[in-house]
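One structure is given here, and the rest of the page talks about it.
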Amino acid sequence: MLEGKMADINLKEVTLIISVVAACYWNSLFCGFVFDDVSAILDNKDLHPSTPLKTLFQNDFWGTPMSEERSHKSYRPLTVLTFRLNYLLSELKPMSYHLLNTVFHAVVSVIFLKVCKLFLDKRSSVIAALLFAVHPIHTEAVTGVVGRAELLSSVFFLAAFLSYTKSKGPDNSIAWTPIALTVLLVAVATLCKEQGITVVGICCVYEVFVAQGYTLPLLCTVAGQFLRGKGSIPVSMLQTLIKLIVLMVSTLLLVVIRVQVIQSQLPVFTRFDNPAAVSPTPTRQLTFNYLLPVNAWLLLNPSELCCDWTMGTIPLIESFLDIRNLATFAFFCFLGALGIFSLRYPGDSSKTVLMALCLMALPFIPASNLFFPVGFVVAERVLYVPSMGFCILVAHGWQKISNKSVLKKLSWICLSMVILTHALKTLHRNWDWESEYTLFMSALKVNKNNAKLWNNVGHALENEKNFERALKYFLQATHVQPDDIGAHMNVGRTYKNLNRTREAEESYMLAKSLMPQIIPGKKYAARIAPNHLNVYINLANLIRANESRLEEADQLYRQAISMRPDFKQAYISRGELLLKMNKPLKAKEAYLKALELDRNNADLWYNLAIVYIELKEPNEALKNFNQALELNPKHKLALFNSAILMQESGEVKLRPEARKRLLNYINEEPQDANGYFNLGMLAMDDKKDSEAEIWMKKAIKLQPDFRSALFNLALLYSQTAKELKALPILEELLRYYPDHTKGLILKGDILMNQKKDIPGAKKCFEKILEMDPSNVQGKHNLCVVYFEEKDLLKAERCLVETLALAPHEEYIQRHLSIVRDKISSSGIVEQPVSPVDMTSGTEEKDEILSEKVKEIKSEPSPAQLIKTSDHKNSKSNKQSTKSADKEAPHKTTKDIKEIEKKRVAALKRLEEIERILNGE
């Protein structure tokens, strides 16, 4: 009997299986993250250590809360947990993810060998395991990282089955420990992927037809006698019923829990994902039944594999006269014949065939569309477990043929050819998964009727900034599927990237016109893919670049929100627009509404902080920055702008934390000169001149034309008696920005005081007046130059003109009096007053010092809202970009007080100078 067979495996067999897996999948280690990997890995925040572990059990496989309508309801927290472990080891380096997938496939292959030995002889078991290890249909499950759900689920699926095979004790008694372990392993398998629960059905079939050895005729006879009252149910059969009831009750409990997890809601799919699901009778039934032989053919002949079988890949069968119905009929006839043979006749062969059929059929049921629609037509990775039954069936058939001496040699040759060609096909197929471009181009070779494939090739080219080529593929997608909303959105986005806004708007408008019309009394959101509503966001984002159409853009955002009140992105985009429209209070309302939908979104807290800055509530802004950093300690923009806010507050106690955040920022963005510059500004505030010099130099090294860094470094040198070192810095500043007024004033001051270069200083001040004849500082300093040149009359005229520009400046009046006294004096020649003295030079330096506050405005800083780009469709991954709205820092109260103190000191010094000039 089969149940009496030993299922032990030896080291040689294990080594052989592992070696074959390694030989077939070594090149998968060099593949990247493609297709669904982008959403499940790159865009999934559940992988990050900063995300609480409990969130994994609240979100679906893609990181979307199960409560949200856009969730796919695929609940696989244990699989996501393994992704998180990968992230801890290597973050987003794909090699470790692919390596772990290959390891899991090897583990499954070894456990499958152990299962095979329950039903096949030693040689046939190894052949079945080898065929499973090399089968090309598995490349999507093994080389595609998201296929780990299949791999992990299969590990516990097979372990649960092996545990159940030990539930039969001596004298046909019940061994409860293996049954309890089976239930536990079924639960774990289901938490890896939903199909894990189907192992319960396989255990039931095994118990009845293999462990107890019943056949269908025997069961019918016993049942008939019992119903007629001519006999009782045997004890062994009662024990079997008890075991089956325990299994079924535990399964029902798992199903109830699973339904509660998805909140009794099925995911929303569109006719583009699965056209047959929304087709009328009999088209739906004929097409779904035809998909069964299609899947069987892929197992039998995996020569043409495709990563995406949605949309128009398999045309609908709309008539009974369609010739493809013959394939469906032949498939069911063959399946029926095998089923009758396995259920009717006793013997090891029939039991092996029965278990093979169960392994093929039962795990495939969740993906079959027979009970509920799924989001695909055919998916190769869901054939991972069904292929086990196929491999057992092939190995068993080969065993029968090879036992005949006439066909023995031929059977070995054919088998060797099959395993070798399958292994080579798998090795070659892995390279298709190297990048998104190679993957989707390989798919187009198999199927050119799937608009999604054309879209995804376009996405791959778009990611490489090859917009012209991408546009061709997106346009082809609209030709293949003219009513594909996502394809028209992609065309619109690409036109926008090419700065062809008119064509972009036309494409978005066309996509919008294809949206289903609202049916009174029917929930709109349930009738359309949530990502298609992004057409309103994309169109609004496009037209809001035109200042005259801001209200129109706002209307589009509100329209999207009215269709789906939980449309978080619509609130975020509307908040950005309202800020642009100078409506910060309404923007605040929009962001608060978005936070009600997602309080764990660091970008939302950051954007709300920017709103509070607009509202001139820095304390609230800082609280929201801190909240963003609590959720994401590496949030670069929150790190930078909260540090600037702390710096501008003028509170000394906040400076250490500001410095810490800026250091974290440059650790995340080592090539951004703004971080180093602001560290330099903090050091200047703390009077750490040497440290400030180092930071400023680093900023200038990264960005040689950094206006603020150049000026403030020169200013630092001038404040620390290193004026001669400031000159080359000022020369560099003026080379990039020849109209930099403060730079010219500082340079002229140094030339007058330190270099005694009167002509050079004169050129600086004249340059200022060429640009701005009303500049009081430049005009006054030029008067000083005339005085230094001993041209008192010219100095007098100059001061009169300066006084006319600033009639209330007392120091100009006093200087004019001094010059006039000199003119009227009887030939007394005194040492000319230096520029610093005559011009109340400290006053000028005070103005230059205030430049520390002003100059921050000169450079684009990361102070910005988190914005989203046009949304991509017809592809599982979502991408977003960031663009800036500068938040200009303002003078703090402390800055103003410092300037006033310096002005008082300057006036006192001016009195001293005047007393000297008057000979007191």
Side-chain angles (χ1 to χ4, degrees), residues 1-24 105-135 138 154-155 157-168 178 199 202-203 205-206 209-211 213 299 338 341-342 345-360 384-423:
M1 296 292 290
L2 288 179
E3 66 273 16
K5 289 187 178 181
M6 296 299 292
D8 294 330
I9 53 178
N10 58 51
L11 183 59
K12 287 183 179 179
E13 293 168 340
V14 172
T15 304
L16 174 63
I17 297 297
I18 292 175
S19 300
V20 168
V21 169
C24 287
H105 180 54
V107 170
V108 173
S109 299
V110 170
I111 301 175
F112 178 59
L113 173 62
K114 192 175 180 70
V115 171
C116 288
K117 290 197 172 186
L118 293 171
F119 312 112
L120 299 169
D121 60 29
K122 180 178 179 181
R123 187 176 61 184
S124 300
S125 298
V126 172
I127 287 168
L130 283 175
L131 185 58
F132 176 80
V134 304
H135 204 296
H138 299 155
S154 298
V155 169
F157 180 102
L158 294 176
F161 178 69
L162 286 173
S163 175
Y164 186 81
T165 59
K166 298 175 183 177
S167 64
K168 184 178 178 181
V199 71
I202 293 171
C203 291
V205 173
Y206 173 85
F209 296 102
V210 178
L299 289 173
L338 287 177
F341 166 77
S342 60
Y345 301 105
D348 290 352
S349 181
S350 60
K351 293 175 182 178
T352 300
V353 171
L354 179 62
M355 292 309 299
L357 290 176
C358 286
L359 276 169
M360 288 178 67
Y384 189 76
V385 176
S387 69
M388 295 178 186
F390 172 78
C391 292
I392 290 175
L393 208 58
V394 170
H396 182 59
W398 175 85
Q399 178 189 354
K400 295 291 185 183
I401 294 172
S402 64
N403 285 338
K404 298 179 180 179
S405 57
V406 180
L407 301 174
K408 187 173 185 178
K409 186 177 291 186
L410 181 62
S411 66
W412 274 104
I413 293 172
C414 291
L415 178 67
S416 301
M417 289 289 292
V418 168
I419 291 178
L420 179 62
T421 54
H422 276 40

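All values derive from a computational prediction rather than experimental measurement.
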Using 0.5 Å steps for rounding, measure from the CE atom of M417 to the CG atom of L415. 11.5 Å

Working note: N10 + K122, criterion side chain to side chain contact (heavy atoms under 4.5 Å, CB included); need CA distance, chi angles, decisive distance, verdict. CA-CA 11 Å; N10 58 51; K122 180 178 179 181; 3.7 Å; yes

Taking the side chain as C-beta and beyond, is there a heavy-atom pair between Y164 and V199 under 4.5 Å? no

Please give me the minimum heavy-atom distance between A128 and L120, naming the atom from each residue. CB-CD1, 4.1 Å

Would a 4.5 Å heavy-atom cut-off, applied to side chains only, mark L162 and L118 as touching? yes

Supply the atom-to-atom distance L393 CG to L338 CG, rounded to the nearest 0.5 angstrom. 6.0 Å

On a heavy-atom basis, which atom in D8 and which in K117 lie closest, and how many Å separate them? O-NZ, 3.1 Å

Just how far is it from atom CZ of F390 to atom OG of S387, taken to the nearest 0.5 Å? 9.0 Å

Approximate separation, where rounding is to 0.5 Å, of I401 CD1 and L410 CG: 8.5 Å

Provide the closest heavy-atom pair for T421 versus V418 in the form atom of the first, atom of the second, distance. OG1-O, 3.0 Å

With distance as the sole test, does K351 use its side chain to make a donor-acceptor pair with the main-chain N or O of F119 at under 3.5 Å? no

Going by heavy atoms in the side chains, are L158 and M388 under 4.5 Å from each other? yes

Under 3.5 Å, is there a donor-acceptor pair between the side chain of S350 and the main chain of Y345? yes

Please examine the side chains of S349 and F341, heavy atoms only from C-beta on, and report whether any two atoms are closer than 4.5 Å. yes

Smallest separation among heavy atoms of V205 and C358, with atom names: CG1-SG, 3.4 Å

Can a donor-acceptor pair be found between the side chains of H396 and S124 at a distance below 3.5 Å? no

Would a distance-only check, ignoring hydrogens and angles, find a side-chain to backbone donor-acceptor pair under 3.5 Å from S125 to L113? no

Partners meeting ring-ring contact (aromatic ring centres under 6.0 Å, His included) with Y384 (sequence neighbours left out): H105, F132, H138

CE on M360 to SG on C391, rounded to 0.5 Å: 9.5 Å

Between the CD1 atom in I202 and the CG atom in L359, the distance rounded to the nearest 0.5 Å is 4.5 Å

